[in-house]
Amino acid sequence: MRDWWQDLTDLVLPAECGGCGRPRAVLCARCRGALSGAGPCRVRPVPEPAGLPPVHAAAWYADEVRATLLAHKERGALALSRPLGEALADAVRAGLRAARTPCAGDGGPSGGPRPVLLVPVPSARRAVRARGHDPARRIAYAAAGELRRSGVPVRVLSALRQRRDVADQSGLGSRQRLANLAGALTVTRGCERLLSAGRVVLVDDLMTTGASLAEAARAVRGRAWAPAPDPGAGSSISGPAFVYRGETGERRGEQRNGPVQQRAGRRSGRPSGTAGAEGAEGITDVMCAAVVAASPDAFEISRN
């Protein structure tokens, strides 16, 4: 009877803090401070991939923040989606301010505010099945709720999908991840017009090399991806390619097939917030990107 009651209690009350393990707290005050106390900051990975939009992060990916994200992602601590969403919402606001666009809307063609569109970087299908949820998408919905409560017209638009099987990126360097992810994402059919009707903000839980966000931006902007000429050609990634079975870093790309041609893209140094007329195939543009956490090295660039 006692064991049954304890199991029922654990379903209703959190067993421990997701960041430090303190009992009976979803996220204790100290870990909440680590997650959002310092305020969001512009982050840049080194090297910075071409086409990466300006990215803001709420916290360093270390210690309690890392433990919190992993608890939500890998252990199914779904109650953490709310504090993680609050941190992501702060990063979104910072990105919109930096893009010089009002958080409350800038007036669309019909006279009403153009909505902010939070576009999550999609998780691998196998990861979603294994975990039972898509962490970035869940956090995006929590962030949208927080933004709406502060008067921001916002919606979550799951406009991206993976167009092929994905490969494990653990152990890959930044250039290898870029090659691995090139052309991996595409816009879901029917979402092109929806994307062009709002202010697109790419969102994810974590940024390390920026490869996932750069690939998501390429897909949203509608740029063509030049496929590898021959599956048998020599790969730019050393070592065997393992089809994804468990996500360990950023979102995954496809299995490596050969050399990837670098796509033309706007670097983050270019002013953001412009309409997406960069070439005949452009659909729309990405105002900015926001993540809950980024690698500590990415924060060092912000001092410049």
Side-chain angles (χ1 to χ4, degrees), residues 32-45 48 51-61 65 82-109 111-121 136 139-157 159 195-207 210 213-214 216-217 220-221 265-276 278 284-296 298-304:
R32 282 182 180 270
L35 185 61
S36 58
C41 184
R42 172 77 184 274
V43 290
R44 295 181 176 93
E48 185 172 352
L52 181 70
V55 184
H56 284 75
W60 288 28
Y61 185 62
V65 173
R82 181 163 186 174
L84 291 171
E86 292 170 354
L88 181 61
D90 288 342
V92 171
R93 290 190 191 97
L96 293 175
R97 286 194 297 267
R100 296 180 175 86
T101 179
C103 290
D106 60 357
R114 294 175 65 230
V116 174
L117 302 178
L118 302 186
V119 178
V121 177
I139 295 172
Y141 276 108
E146 178 68 17
L147 289 166
R148 286 192 203 100
R149 284 189 285 273
S150 63
V152 180
V154 61
R155 60 176 294 192
V156 177
L157 181 62
L195 284 169
S196 63
R199 298 172 289 165
V200 175
V201 179
L202 298 174
V203 294
D204 207 349
D205 56 352
L206 172 66
M207 185 191 76
L213 289 170
V220 168
R221 289 167 182 154
R266 184 190 68 179
R267 293 185 181 274
S268 62
R270 179 175 175 178
S272 59
T274 56
E278 304 178 11
T284 187
D285 206 353
V286 178
M287 299 206 66
C288 58
V291 295
V292 175
S295 59
F299 282 84
E300 294 181 4
I301 305 301
S302 67
R303 66 176 181 267
N304 297 327

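We count residues from 1, following the sequence as given.
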State, to 0.1 Å, how close Ala140 and Leu118 come at their nearest heavy-atom pair, and which atoms those are. O-CD1, 3.7 Å
To check you understand the geometry: which heavy-atom pair defines the closest contact between Phe299 and Ala59, and what is its length? CZ-O, 3.3 Å
Review item, side-chain donor-acceptor pairs of residues 143-150, under 3.5 Å, at least two apart:
| residue | atom | partner | partner atom | Å |
| --- | --- | --- | --- | --- |
| Glu146 | OE1 | Arg149 | NH2 | 3.2 |
| Arg148 | NE | Val154 | O | 3.2 |
| Arg148 | NH2 | Val154 | O | 3.4 |
| Ser150 | OG | Arg93 | NH2 | 3.2 |
| Ser150 | OG | Leu147 | O | 2.8 |

Taking it one step at a time, do Val291 and Leu213 satisfy side-chain contact (heavy atoms from CB on, under 4.5 Å)? CA-CA 10 Å; Val291 295; Leu213 289 170; 4.0 Å; yes
Over all heavy atoms of both residues, which pair between Ala214 and Leu52 is shortest? Give the atoms and the distance, please. N-CD1, 3.8 Å
Please enumerate all residues that pass side chain to side chain contact (heavy atoms under 4.5 Å, CB included) together with Ala94, with sequence neighbours excluded. Pro40, His56, Arg97
Do Leu117 and Arg155 touch side chain to side chain, with heavy atoms closer than 4.5 Å? yes
Leu84 CG to Ile139 CD1 distance, which is reported to the nearest 0.5 Å: 4.5 Å
Using every non-hydrogen atom in the two residues, find where Leu35 and Pro83 come nearest and quote the distance to one decimal. CD2-O, 3.5 Å
Restricting to non-hydrogen atoms, name the atom on Ala217 and the atom on Gly51 that form the minimum distance, rounded to 0.1 Å. CB-O, 3.7 Å
Show the nearest heavy-atom pair for residues Ala87 and Ser36, with the distance to one decimal. CB-CB, 4.4 Å
Just by modelled atom types, is the Arg114 backbone N or O under 3.5 Å from a matching donor or acceptor in the Arg199 side chain? yes
Min side-chain heavy-atom separation Val55-Leu202 under 4.5 Å: no
With heavy-atom distances below 4.5 Å as the criterion, would you say the side chains of Pro53 and Val200 are in contact? no
